[in-house]
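All residue numbers in this chain count up from 1 along the given sequence.
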Amino acid sequence: VQLQASGGGLVQAGDSLRLSCATSGLTFITYTVGWFRQAPGKEREFVAAIVRSGTTTYYAESVKGRFTVSRDNAKDTVYLQTTNLKPEDTAVYYCAAAARLFVDVNYASMSGNYAYWGQGTLVTVSS
């Protein structure tokens, strides 16, 4: 199983980025995919998640209304569209996959519930 996150970069506050998480080696439609991030000196935190069918999504309060998670089951890929980026969004962003259907954001936000992780992609937002 492989997850490959990409799309990070250096942007200015207010800009947008679209992150991608390409997966292989798993039955993609049966997995929930989440995005997490880790800023320098801080613990990893939940950002967003999308369930198998894509009909249900979960977001951290800090990104709600600015970030949108989506998936293309034909391409085995999940996207995180980020808008109105802020300096505090600076972090390494990771995608992860869980063979679970989470019933609420509390379960979706627990990193221990995800079995597979990709390498991160760095997002740097300058003020």
Side-chain angles (χ1 to χ4, degrees):
V1 175
Q2 289 190 333
L3 287 80
Q4 180 82 29
S6 62
L10 172 62
V11 297
Q12 294 185 332
D15 285 349
S16 302
L17 279 175
R18 189 177 80 157
L19 308 184
S20 299
C21 175
T23 72
S24 62
L26 50 76
T27 305
F28 184 71
I29 189 68
T30 66
Y31 280 76
T32 293
V33 177
W35 286 95
F36 292 77
R37 66 187 182 186
Q38 188 166 19
K42 294 187 177 181
E43 294 188 352
R44 184 170 52 191
E45 65 174 1
F46 171 75
V47 175
I50 185 165
V51 302
R52 304 162 178 173
S53 63
T55 55
T56 301
T57 56
Y58 302 107
Y59 295 95
E61 287 297 323
S62 60
V63 306
K64 198 173 288 185
R66 299 188 299 123
F67 291 10
T68 302
V69 61
S70 62
R71 64 191 292 158
D72 185 338
N73 288 338
K75 296 183 178 180
D76 294 354
T77 300
V78 169
Y79 304 98
L80 184 69
Q81 179 67 52
T82 69
T83 64
N84 191 21
L85 284 163
K86 304 175 181 180
E88 52 263 42
D89 294 318
T90 295
V92 177
Y93 284 70
Y94 300 90
C95 57
R100 299 186 181 192
L101 184 64
F102 300 124
V103 298
D104 61 32
V105 66
N106 292 319
Y107 288 98
S109 66
M110 296 179 183
S111 60
N113 286 335
Y114 293 80
Y116 303 106
W117 291 79
Q119 94 300 345
T121 186
L122 176 62
V123 173
T124 304
V125 185
S126 63
S127 58

Engineer: Do you know which two heavy atoms are closest between Cys95 and Val33, and how far apart they sit?
Structural biologist: CB-CG1, 4.5 Å

Engineer: List the steps, then state whether side-chain contact (heavy atoms from CB on, under 4.5 Å) holds for Leu85 with Leu17.
Structural biologist: CA-CA 8 Å; Leu85 284 163; Leu17 279 175; 4.2 Å; yes

Engineer: Working to the nearest 0.5 Å, report the span between OG of Ser20 and CG of Leu3.
Structural biologist: 12.5 Å

Engineer: Heavy atoms only: give me the nearest Arg37-Val63 pair and the separation to one decimal.
Structural biologist: NH1-CG1, 4.0 Å

Engineer: Strictly distance-based, threshold 3.5 Å: is any side-chain N or O of Thr90 a donor or acceptor partner for the main-chain N or O of Val125?
Structural biologist: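 Yes.
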
Engineer: Yes or no on side-chain contact (heavy atoms from CB on, under 4.5 Å) for Thr23 and Gln2, after CA distance, side-chain angles and deciding distance?
Structural biologist: CA-CA 6 Å; Thr23 72; Gln2 289 190 333; over 6 Å; no

Engineer: Establish, from distance only, whether the side-chain atoms of Arg18 and Tyr79 form a donor-acceptor pair under 3.5 Å.
Structural biologist: no

Engineer: Would you sort out whether Thr77 and Phe28 count as a side-chain contact (heavy atoms from CB on, under 4.5 Å), showing the intermediate values?
Structural biologist: CA-CA 8 Å; Thr77 300; Phe28 184 71; 5.6 Å; no

Engineer: Kindly give the cluster partners of Tyr107, where membership spreads through any ILVMFWY side chain lying under 4.5 Å from a current member.
Structural biologist: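 The other cluster members (ILVMFWY side chains, heavy atoms under 4.5 Å, direct or chained) are Phe36, Phe46, Val51, Tyr58, Val92, Tyr94, Leu101, Phe102, Val103, Val105, Tyr114, Trp117, Leu122.
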
Engineer: Between CD1 of Ile50 and CZ of Arg52, what distance do you get to the nearest 0.5 Å?
Structural biologist: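 Separation between the atoms: 13.0 Å.
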
Engineer: Is there a donor-acceptor contact under 3.5 Å from the side chain of Gln4 to the main chain of Gln119?
Structural biologist: no

Engineer: Check step by step if side-chain contact (heavy atoms from CB on, under 4.5 Å) holds for Val78 and Val69.
Structural biologist: CA-CA 7 Å; Val78 169; Val69 61; 3.8 Å; yes

Engineer: Of all heavy-atom pairs between Ala48 and Leu80, which one has the smallest distance, and what is that distance?
Structural biologist: CB-CD1, 4.1 Å

Engineer: Measure from NZ or CZ of Arg66 to the centre of the six-membered ring of Tyr59 and say whether it is under 6.0 Å with the direction within 45° of the ring axis.
Structural biologist: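 That pair does not qualify as a cation-pi contact.
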
Engineer: To the nearest 0.5 Å, how far apart are CG in Asp15 and CG in Asn84?
Structural biologist: 9.5 Å

Engineer: Between the side chain of Thr57 and the main-chain N/O of Ala49, is any donor-acceptor distance below 3.5 Å?
Structural biologist: no

Engineer: Would you compute the distance between atom OG1 of Thr32 and atom CG of Asn113 and round it to the nearest 0.5 angstrom?
Structural biologist: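 Here the interatomic distance stands at 10.0 Å.
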
Engineer: Where is the tightest heavy-atom contact between Val123 and Gly8, given as atom of each residue plus distance?
Structural biologist: CG2-CA, 4.0 Å

Engineer: Is the closest side-chain heavy-atom distance between Leu19 and Thr121 below 4.5 Å?
Structural biologist: yes

Engineer: Is a side-chain N or O of Ser53 found less than 3.5 angstrom from the main chain of Thr55, in a donor-acceptor match?
Structural biologist: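 Yes.
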
Engineer: Should Ser70 and Gln81 count as side-chain neighbours, where that means a heavy-atom distance under 4.5 Å?
Structural biologist: no

Engineer: First locate atom OG1 of Thr83, then atom CG of Asp89, and finally report the distance between them rounded to the nearest 0.5 Å.
Structural biologist: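 Answer rounded to 0.5 Å: 9.5 Å.
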
Engineer: Looking only at non-hydrogen atoms, find the nearest pair between Arg71 and Ile29 and report the distance.
Structural biologist: NH2-CA, 4.2 Å

